[in-house]
Colleague: 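Sharing a structure with you now.
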Amino acid sequence: MAAHRKPRPAFGAQAGRTAATLALAGAATATAFEGPAHADPRPTATQVRAQVDRLHREAETATEKYNGAKEKADTARARIDALRDEAARRTERVNAGRDALGATAAAQYRAGALSPVLQLALSSDPDRYLRGAALAERIGERQADTLAGLRGQRVAIDRLRAEADDRFRELRGHEAELRRQKAAVQDRLAAAEKLLARLTAAERAAYEAATRAREAGTAGSGPGAAGAGADRAGRTGGSARTAPAGAGAPTSRAARAVSYAYGAIGKPYVWGATGPSGYDCSGLAQAAWRAAGVSLPRTTYSQINAGQRISRAQLAPGDLVFFYPGVSHVGIYVGEGRMIHAPRTGSTVRLASIDDMPWAGATRVA
């Protein structure tokens, strides 16, 4: 019987073939997961610029959301403080009234050992006692009124505290949104810087020069070219401005806002800042109009609705001009197709052409 069976392979040969098969499979798997054994191609300077511009726009959008959340958080915090102060004042009045009632009640208890009939009988001056009793009755009525008032104050205090608790929960939500938007800004800026770090020194210098030229409106002909010289003069303290700050403004307030904006030229862009040492775009608009006696909302998407909407053809110095589909950027129009704005992180407040960014609308504040 054994002669008809197929001989079984030796253990060593089988093991060798199995090991070889596993080795080949492992090599194929490693190749599949690791991919090509070469680095991604380095992006061109043009590609880097496009990606960095996109990241900066995303950062600016996140900045405006951060500003909005901060404004709401500040409002909620101020309301909480006001509610707590009012509750404290009312509590002091309640405590004072309660102490006064307690003292009166104690005095009445000490004087009330005898019944009113016996007090009248034993009084050496019945008429005086009766007058005092009538007065005590009136005092008792006033005490009842006081007690009712104190109860009403307690209800009001409870209501104030409940509202403060609601505002506190609202504040926590705004603070969480603040943290999210701050992280979004920082992430975009860090990604942009990482991309720029991949450029050579010459490419980085060329990129920065092109960015400055574009932000100053010197990349082409038209109104922006006129703004370039004024921008350079504004940043270096020269006098290349073609007109006095505020000239042609429709109101004295608009003229003051424009004058403030000129005075901010050269100060750094700082996201979330409203001056006086640095600004983001909506912070500059708010600060300029605050100097003119007008309170603007904090964010671009609120500022565009803070006045009368106007067309490009109606623009006059002091008007607010907005850009990008999400209304994420604002500048202060100063005439001749130019505006003063805070472009983005790494730049400074400067003059620029209003033709350099996608138009979103304009508003006349006052």
Colleague: Could you tell me whether Tyr324 atom OH has more than 12 heavy atoms of other residues or ligands within 6.0 Å of it?
Modeller: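 For Tyr324, atom OH is crowded (more than 12 foreign heavy atoms under 6.0 Å).
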
Colleague: Does the plane of the ring in Phe323 sit parallel, tilted or perpendicular to the ring in His329? Use 30° and 60° as the thresholds.
Modeller: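 Ring orientation of Phe323 relative to His329: tilted.
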
Colleague: Any salt bridge between Glu86 and Arg89, counting N to O under 4.0 Å?
Modeller: yes

Colleague: Are any of the side-chain nitrogens in Glu163 or Arg79 under 4.0 Å away from the carboxylate oxygens of its partner?
Modeller: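 The answer is yes: the pair qualifies as a salt bridge.
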
Colleague: Taking the side chain as C-beta and beyond, is there a heavy-atom pair between Ile304 and Leu320 under 4.5 Å?
Modeller: no

Colleague: Hey, does Lys65 have a side-chain heavy atom less than 4.5 Å from the side chain of Val185?
Modeller: no

Colleague: Is any side-chain heavy atom of Val330 closer than 4.5 Å to a side-chain heavy atom of Gln303?
Modeller: yes

Colleague: Are Asp81 and Arg77 ion-paired here, with the side-chain N under 4.0 Å from a carboxylate O?
Modeller: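 Between Arg77 and Asp81 there is no salt bridge, as every charged N stays at least 4.0 Å from the carboxylate O atoms.
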
Colleague: Just by distance, with hydrogens left out, do Thr251 and Arg253 show a side-chain donor and acceptor under 3.5 Å apart?
Modeller: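 No, Arg253 and Thr251 have no side-chain donor paired with an acceptor closer than 3.5 Å.
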
Colleague: The test is side-chain contact (heavy atoms from CB on, under 4.5 Å); show your working for Val48 and Tyr207 and say whether it passes.
Modeller: CA-CA 9 Å; Val48 167; Tyr207 164 80; 5.5 Å; no

Colleague: Tell me if a side-chain donor or acceptor on Asp158 pairs with a main-chain N or O of Val155 at a distance below 3.5 Å.
Modeller: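 Pair absent, no side-chain N/O of Asp158 close to backbone of Val155.
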
Colleague: Other residues, nucleotides and ligands only: do more than 12 of their heavy atoms fall within 6.0 Å of CD on Gln308?
Modeller: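 Atom CD in Gln308 is not crowded, with 12 or fewer foreign heavy atoms closer than 6.0 Å.
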
Colleague: Can you find a pair of side-chain heavy atoms, one from Arg344 and one from Asp53, that are under 4.5 Å apart?
Modeller: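 When only atoms from C-beta onward are counted, Asp53 and Arg344 do touch, with a gap below 4.5 Å.
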
Colleague: Do the side chains of Glu177 and Arg180 get close enough for a salt bridge, i.e. N-O under 4.0 angstrom?
Modeller: yes

Colleague: According to salt bridge (charged side-chain N to carboxylate O under 4.0 Å, His left out), does anything in residues 290-302 pair up with another residue at least two apart or in another chain? List the pairs.
Modeller: Asp280-Arg298

Colleague: With sequence neighbours left out, write down each residue that passes side-chain hydrogen bond (donor to acceptor under 3.5 Å, both in side chains) with Arg179, or none if nothing qualifies.
Modeller: none

Colleague: Which heavy-atom pair separates Tyr279 from Ala342 by the least distance, and what is that distance?
Modeller: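 Distance-wise, the nearest heavy atoms are O-CB, 3.9 Å.
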
Colleague: If you define the side chain from C-beta out and look only at heavy atoms, does anything of Arg93 sit under 4.5 Å from Ile157?
Modeller: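 Not in contact.
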
Colleague: Is there side-chain contact between Gln186 and Lys182, with heavy atoms separated by less than 4.5 Å?
Modeller: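 Contact flag for Gln186/Lys182 side chains = yes.
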
